[in-house]
Every structure is written in structure tokens, then in C-alpha cells.
Amino acid sequence: MNTKRILKPAYSVLSKIVGPQLYRLASRIANIPSPYTQRDLLKKAAGKTSLKSLLKMNRDWVPLPPYPDRAGWDKLLGSRKQIYINLGINRIGYEWKVIKATDYMEYVRSGNQQTMETPYNENIIALEQLFLAELAEGKGRFTDQIINGVMHLCEMTSWALSAHLWMQKAPGHLPNHKEHIIEMGTGNVASLLSWIHHFLREPLNQTNPIITERIRHEVQTRVLKPYMHTDNFFWMAFNLTPGMIVNNWNPWNNFYMLQCFLLMENNRRHLAKAVLRTMTSVDRFINYAPDDGACEEGIFYWQYAAGKLFDYLTLLHYATGGAISIFEQPVIKQMGEFVAKSYIGNGWMVNFADSTPRENIDADLVERFGNATGSTIMTEVASLLRKHAKPGAPGHVTDIFRRLQSLLPLSHSPASEPHVNQPYTWYSQTEICYLSNNAGFFLATKGGHNGESHNHNDVGSFILFINATPVFIDPGVGTYNRKTFGDERYSNWTMQSSHHNLPVINGAQQQVGFKHRATNVRFNRPEMSFTADIAQAYPPHAHVNKWIRKYKLTPNSLIITDTFQLNRARQPNRIIFMTYGKADISQAGTISLSANGVETFMTYDSNTFTPEIETLQLDDPRLRNAWGSTLHRIILTARTTTLHGHYTFMVSTTPPTGA
């Protein structure tokens with residue numbers, strides 16, 4: 001008898017009746033950590049008032065002028081008008097890309113998802129730019145190409161990304177015309193078509209009503225109906241099971257769904273039912289978020305976790321005339337401020353998990369978030385992010401809502417480099433700690449566990465910048481492919497603890513899973529130190545009973561100590577340090593580092609360790625874009641094996657005596 005096949009549907013039924021209480025109970029029984037707190041902020045904000053009575057109908061909530069209001073658009077865009085028109089002019093002769101069957105299949109064959117996503121995204125960007133150009137000019141010059149783009153997308157079997165076709169029940173890796181899955185690609189296209197339907201409905205109908213009828217049919221068939229008639233998309237979090245993560249997929253997809261319903265649904269009762277469904281689902285995401293507001297998925301995904309939650313809440317605020325608003329809730333502000341507190345300076349960010357240190361964070365999004373929650377640090381950092389943003393078109397690429405939001409007036413807060421970091425930020429639930437001093441040191445450390453979303457097996461690791469220059473680094477993540485999210489994830493060196501600032505114990509690296517975690521994690525504010533026992537992050541064959549890693553930031557140095565106890569010592573310990581810039585180990589007991597004019601020295605006991613440097617050639621474009629062509633991996637190998645011991649490493653900008 002297949003017990004799993006019987007228990008899974010039974011659990012699903014019970015979870016619908018009992019709700020998150022079952023999830024929390026099952027998590028405790030399974031001894032799986034869960035930060036789930038049943039806040040239900042959206043449900044409480046709605047109160048007992050009928051949602052139907054709160055909703056603005058017929059898209060009266062849209063904060064932009066209607067298409068025929070040329071004076072309104074001219075006033076809104078001002079000097080930016082011609083920028084958008086020029087972008088559209090460049091697309092008038094655009095040849096719409098065909099996404100071939102083999103482009104989808106390439107994901108399975110080689111792991112390359114860009115083969116499908118590159119032409120797909122190019123089509124979306126082209127249509128978006130044509131649409132915005134027509135809104136800016138209003139003369140119909142771009143209408144024919146908009147029609148071409150709309151019909152091209154409507155003829156696609158699926159709008160889902162090749163990397164997400166695992167959600168289909170059908171075998172193989174081709175879009176299934178009998179099955180409609182909802183994920184970020186689907187939601188993005190549906191939202192773009194819904195906005196085109198809203199603004200250009202009349203001119204498109206004058207050309208041929210079939211166009212808007214087709215948009216409505218496709219959005220209804222691919223998105224609105226599936227959303228209302230299934231509970232089985234994991235990101236909805238309606239059927240939570242122990243160990244299940246509620247991550248960025250939830251607010252990201254629910255944001256798209258709310259957008260489509262608000263733009264396409266004209267029946268008040270049906271709309272209220274759909275909006276309530278999105279609120280129930282998003283409440284699960286907010287409930288899962290820790291009180292400290294940290295994004296365990298990393299700074300890259302902040303844009304799609306907390307960032308998309310903000311977009312969702314903004315839409316809900318618009319649609320209810322501000323009647324449903326939770327921007328004043330502390331956890332929402334904390335979630336927003338994570339991006340600002342993770343800003344180091346000169347465009348660099350803390351990049352634990354699947355992030356790079358030079359993410360192109362949407363500065364307008366950060367500023368709007370800060371304005372809504374009353375966060376001064378967010379509005380200040382937004383100004384710095386804007387200064388360091390990569391050149392390109394205004395707004396956020398391939399996200400029509402953020403593009404349209406960027407058109408609205410926004411008062412920019414002045415700020416200038418060098419950015420002054422807060423002395424400390426302690427995320428007590430997520431176990432992330434940031435420390436800084438007046439000597440320009442910025443230290444980021446982490447405890448946590450290796451079952452986090454977008455985990456990197458990096459419990460106890462650290463990042464150090466001096467004067468906004470990277471010294472000891474987290475390599476981040478390379479270009480996404482099939483291995484990134486499959487069984488082979490930890491064959492990627494960027495995901496391994498042996499390529500983070502951590503020990504290799506008895507030849508063993510850290511392992512993935514909730515149980516592989518830090519214990520006895522402490523932040524000592526008076527001492528400005530962070531301590532964690534990382535022994536449990538390692539597998540049994542590491543034979544480690546205790547490994548206490550401590551970071552202490554003094555006024556002019558960083559002191560790192562390891563205190564350990566093993567029950568067997570088969571191989572010498574190796575301590576790994578990942579570095580940026582030039583590295584020199586020629587002076588015994590001192591590692592000299594140099595990058596962007598910043599000279600740093602780390603001392604160690606030369607009687608205890610033998611040093612070596614491994615140069616990592618970076619071929620991956622995402623890694624090269626962040627770090628350049630090389631990184632260095634410093635390996636300190638213990639000269640002897642021992643069951644217990646104590647190591648000390650000191651990092652300073654002052655050369656040691658005799659160096």
C-alpha cells in the first residue's frame with residue numbers, strides 16, 4: 001500500500017479545513033523550524049466590511065490619465081515624453097521572435113534556459129516599449145506593431161518559462177495546450193496584455209474588435225479561471241506541509257493575478273471573490289515572514305519578495321481607495337528596510353544566497369516603499385541606488401506595472417556617498433548580522449540553516465568590505481540553468497561551503513537541509529560580536545562536536561576566532577577565505593590583500609597553518625559582471641591534526657610589525 005499517496009490528499013483536505021494551524025503542528029512534530037506567525041494582516045485590515053462595497057469598479061482606481069487625455073499625458077511625462085517615443089520608434093520595424101519547440105527542449109538537454117528566455121523577453125520588452133510610446137504620443141503610429149505583438153503572444157501555446165514547465169502534469173518539456181499553469185512568465189504577459197486592453201481598448205476596437213476579444217479570452221482562459229479553480233499551485237500556500245517554504249513566488253504571482261482581475265473583471269461579486277482569494281494567499285506569505293523582516297532569499301530576490309509584496313499592497317490600496325492598507329505595520333516596514341540596511345556603499349550590496357553584489361535594484365521601487373512606510377533610510381538609499389544604476393530605459397524592464405508607476409511624480413531624497421552604515425543591524429530570527437565601525441569596516445555575518453530558500457550551504461560565513469571595497473566576499477550566484485534548482489544544485493561551486501569563508505572539517509563540507517544549522521547564535525551589542533556554533537551544519541563524517549565561529553569588530557580591526565572540538569581527526573582542518581583583488585602570501589603569518597587602493601592584512605599563526613592561493617577564473621557572465629575575471633580562494637591548512645583547538649585571525653588595514 002502506498003502510504004504517501006493516501007496521506008498526501010488526506011493532509012490536503014485537512015489543511016483546507018484546519019488551515020495553517022495544521023502546518024505549524026506538523027512542523028513541530030517533524031522538528032522542522034518554521035517562522036510562521038498567523039498575523040493575517042490583510043484579513044484584519046478588511047475587517048467585517050464587505051469587500052464588495054470597498055472595491056472601485058470599472059478601473060476607476062488607475063492613477064494615470066486615460067489614453068485620449070493628451071494634456072494629462074504631456075503633463076505627466078514632461079521632458080521624458082520623447083524618450084519613450086524614441087524607444088517605440090526603434091521598435092517599429094521589430095521582427096517578432098519565434099520561440100521554437102527546441103528552445104524549450106534545450107532546458108532539458110543542456111540546462112540552458114536562456115535559449116528560450118532571450119527571444120521571449122525581447123518580444124515582451126518590444127511590446128512594452130511600443131505600448132508606452134503610444135501612450136506618450138497618442139497618434140496611433142505604433143498601433144499596428146502593438147497589434148502584431150499582442151497577436152503573436154496570444155498565439156503562443158503557453159506563456160510559462162521553460163524553467164517552470166516542471167509544474168505541468170504532462171511529461172516531457174514542451175508547453176501543453178491542455179494545461180494552464182500560473183507562474184511569473186504567465187502572469188507578466190497576462191498583466192501586460194491587460195494594461196494594453198485597458199488603455200487602448202477603443203483604438204484597437206476601431207481596427208478590429210477581434211483583438212480585444214482575443215486578449216480577454218486568453219487572459220480569462222490562461223489566468224483568471226485557473227487561479228479561481230485550483231488550490232494546487234504550491235506558491236498559493238493553501239496546502240502548507242512541514243518544511244514548505246513560502247517564498248517570492250507567492251507575492252510575485254498574486255500581484256500579477258490581482259492586476260489582471262482588477263483590469264479585466266467587471267462583475268463586482270466575482271471581483272470581490274478573486275481579490276479576497278489573493279488576500280488570503282498573500283497573508284500566508286506575510287505570516288511566513290520573520291518579524292525581523294530579513295529576506296533569507298538574498299538581496300536579488302528582495303525585489304520579488306518584499307518588493308512584489310509592496311506592488312501588491314499598492315494595487316490593493318488603489319483598488320479600495322486606501323480602505324485596505326497595511327503599510328503602517330512594523331513587519332512591512334522591516335521587510336522594506338532590509339534592502340536599505342544591506343546597502344554597503346558605492347553600489348555594493350550584501351549578497352548572501354542567490355544574489356550578486358551589484359544587483360540593479362529598482363531605486364523608484366525602494367523610494368515608493370520608503371515613502372509608504374515612512375522609512376527615511378529607504379528613501380536615502382534609493383537616491384544612492386539611482387546614482388549607481390546601470391544605464392538604460394526609464395523604469396523597470398519587463399514589468400509594466402513598475403514602468404507605469406515610474407511615470408508618477410516622485411520626490412527624490414538627497415543623499416551622497418560615502419554612505420554611512422548603521423553601527424549594527426541584528427536580524428534575530430533570520431540570524432543575519434551587520435556591523436560597522438568608524439574605520440570603514442562593514443561586516444555581514446550569518447547563522448541560519450541550509451534549508452533556506454535559495455540556500456548556499458554557508459552557515460557561519462561572512463562578508464567584509466572596507467571603505468565600500470570588497471575584501472572577503474561571497475561569490476554569489478552564476479547564470480541560472482537547470483542545475484541551479486535541480487538535484488545538481490550543490491555541484492555548483494558557488495553553492496558550496498568550501499567556496500565560502502568557512503572551515504572544511506575532516507575533508508567535509510556543509511550539507512543541505514533544515515537540520516544543518518547554526519546553534520547558540522548570539523549577537524553581543526556591547527562587544528560588537530557575532531557568535532555561532534556551526535557544527536550541526538556539517539555531516540556526521542565531519543566528526544565535529546563543536547565549532548564556534550566568532551566575529552568581533554573592534555574600532556580598527558576584525559578578529560575571527562574558531563574554537564572547535566572533534567571526536568575524530570582524520571584530516572587536517574582547512575580554513576577557507578574567498579577574496580577580491582590581489583592576494584599575497586609571501587610573508588609568513590600575513591596575507592596581504594589589495595583592491596581599489598585599499599590595502600588589508602590578515603594575520604594568522606604560521607606555526608599552525610600552511611597557506612596557499614587558488615585563482616578562480618570566472619567564465620560565467622553573471623559572475624564576471626560582478627567581480628571581473630578572477631577571484632582568489634585562500635586555503636589555510638593546519639599543519640597537524642588535533643581533536644580540539646583554537647584559531648585566531650585578525651584583519652586590519654595596518655601592516656603587522658615586521659611585514
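Note that the structure is predicted; figures quoted are calculated from it, not measured.
- Under 4.0 Å is where a charged nitrogen must lie from a carboxylate oxygen, and between K387 and E417 no such pair does.
- Rounding to the nearest 0.5 Å places CH2 of W252 at 6.5 Å from OH of Y301.
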Assess whether salt bridge (Lys or Arg N to Asp or Glu O under 4.0 Å) is satisfied between E155 and R214, documenting all intermediate values.
-> CA-CA 10 Å; E155 289 296 332; R214 183 66 185 277; 2.9 Å; yes
All N/O donor-acceptor pairs, side-chain side in residues 182-199, below 3.5 Å, sequence neighbours left out:
{"residue": "E183", "atom": "OE1", "partner": "L161", "partner atom": "N", "Å": "3.2"}
{"residue": "E183", "atom": "OE1", "partner": "H164", "partner atom": "ND1", "Å": "2.6"}
{"residue": "E183", "atom": "OE1", "partner": "G185", "partner atom": "N", "Å": "3.2"}
{"residue": "E183", "atom": "OE2", "partner": "G185", "partner atom": "N", "Å": "3.1"}
{"residue": "E183", "atom": "OE2", "partner": "T186", "partner atom": "N", "Å": "2.6"}
{"residue": "E183", "atom": "OE2", "partner": "T186", "partner atom": "OG1", "Å": "2.8"}
{"residue": "T186", "atom": "OG1", "partner": "I181", "partner atom": "O", "Å": "3.2"}
{"residue": "N188", "atom": "ND2", "partner": "T398", "partner atom": "O", "Å": "3.2"}
{"residue": "S191", "atom": "OG", "partner": "G187", "partner atom": "O", "Å": "2.8"}
{"residue": "S191", "atom": "OG", "partner": "Q259", "partner atom": "NE2", "Å": "3.2"}
{"residue": "S194", "atom": "OG", "partner": "A190", "partner atom": "O", "Å": "2.8"}
{"residue": "W195", "atom": "NE1", "partner": "Q259", "partner atom": "OE1", "Å": "2.6"}

Given side-chain contact (heavy atoms from CB on, under 4.5 Å), test W73 with L76 step by step and report yes or no.
-> CA-CA 5 Å; W73 279 100; L76 180 66; 3.9 Å; yes
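- Side-chain atoms of N254 do not come within 3.5 Å of backbone N or O of P251 as any donor-acceptor pair.
- The aromatic rings of H388 and Y343 sit tilted, their planes meeting at an angle between 30° and 60°.
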Residue pair D311, L365: steps toward the side-chain contact (heavy atoms from CB on, under 4.5 Å) verdict = CA-CA 9 Å; D311 289 341; L365 167 67; 3.7 Å; yes
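- Using a 4.5 Å cut-off on side-chain heavy atoms (C-beta onward), R368 and L408 make no contact.
- The 12-atom threshold is not exceeded at NZ of K52, counting heavy atoms of other residues, nucleotides or ligands nearer than 6.0 Å.
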Would you please test L64 and Q405 for side-chain contact (heavy atoms from CB on, under 4.5 Å) and show each step?
-> CA-CA 9 Å; L64 296 163; Q405 286 282 285; over 6 Å; no
List the steps and the verdict of side-chain contact (heavy atoms from CB on, under 4.5 Å) for I473 and W627.
-> CA-CA 10 Å; I473 59 102; W627 302 114; 3.6 Å; yes
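- Defined by atom type and a distance below 3.5 Å, a donor-acceptor pair is missing between the side-chain atoms of Y107 and T115.
- The closest side-chain heavy-atom distance from E297 to Y304 is not below 4.5 Å.
- The pair D69-K75 fails the salt-bridge criterion, with no side-chain N (NZ, NE, NH1 or NH2) lying under 4.0 Å from an Asp/Glu carboxylate O.
- F369 pairs with exactly one of F310, F327, F338 by the ring pair (Phe, Tyr, Trp, His ring centres under 6.0 Å) rule, that one being F310.
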Mind running salt bridge (Lys or Arg N to Asp or Glu O under 4.0 Å) on E296 and K446 for me, showing each step along the way?
-> CA-CA 10 Å; E296 70 177 23; K446 74 183 300 292; over 6 Å; no
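- Side chains of S158 and Y104: a donor-acceptor N/O pair is absent below 3.5 angstrom, by distance only.
- Side-chain contact check for R277 versus M257: every heavy-atom pair is 4.5 Å or farther apart.
- Here the side chain of R141 pairs no donor or acceptor atom with the backbone of I89 at under 3.5 angstrom.
- Nearest heavy-atom pair across P226 and H180 is CG-CB, 4.0 Å.
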